[in-house]
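Structure record follows, encoded as structure tokens.
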Amino acid sequence: MAVTYTYEAPEGDATVVEVTFTDGKIEHTRTVNAVFVDGVYDADATETRVGEVAAGVEHKIAVGVFTPPAEESEEGGE
């Protein structure tokens, strides 16, 4: 399954976007530097940058660095 991602354009003085990468049950959230040209947010260039980071996240999932969260026990355990 390919990694998908979502993020919103930076607001105010923010220079990063918080991106949530998803692949099945695996979800990984991190910030990515937004791209600015002459002080103006560049949405297309930021999309390209986030896509590059997504490729790295996809590789880390493939090699087992990022894994699905452990299932919580219903027994509550002691």
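Numbering of residues begins at 1 and proceeds along the displayed sequence.
In this structure the side chain of Val53 reaches within 4.5 angstrom of the side chain of Arg30, judged on heavy atoms.
Residues Val19 and Val16 are members of separate hydrophobic clusters, defined by side-chain heavy-atom contacts under 4.5 angstrom among Ile, Leu, Val, Met, Phe, Trp and Tyr.
Taking Thr20 as the reference, Thr29 meet the side-chain hydrogen bond (donor to acceptor under 3.5 Å, both in side chains) condition, with sequence neighbours excluded.
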Counting only pairs under 3.5 Å, give me each side-chain donor-acceptor contact of residues 2-12, with atom names and distances, residues two or more places apart or in other chains.
unit_1, atom_1, unit_2, atom_2, d
Thr4, OG1, Thr22, O, 3.4
Tyr5, OH, Glu47, OE2, 2.6
Tyr7, OH, Glu47, OE1, 2.6

Identify every side-chain donor-acceptor pair in residues 31-44 under 3.5 Å, counting partners at least two apart or on other chains, and give the distances.
unit_1, atom_1, unit_2, atom_2, d
Asp42, OD1, Asp44, N, 3.2
Asp42, OD1, Ala45, N, 2.9

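Note that the CD1 atom of Ile61 and the CZ atom of Phe66 stand 7.0 Å from one another [nearest 0.5 Å].
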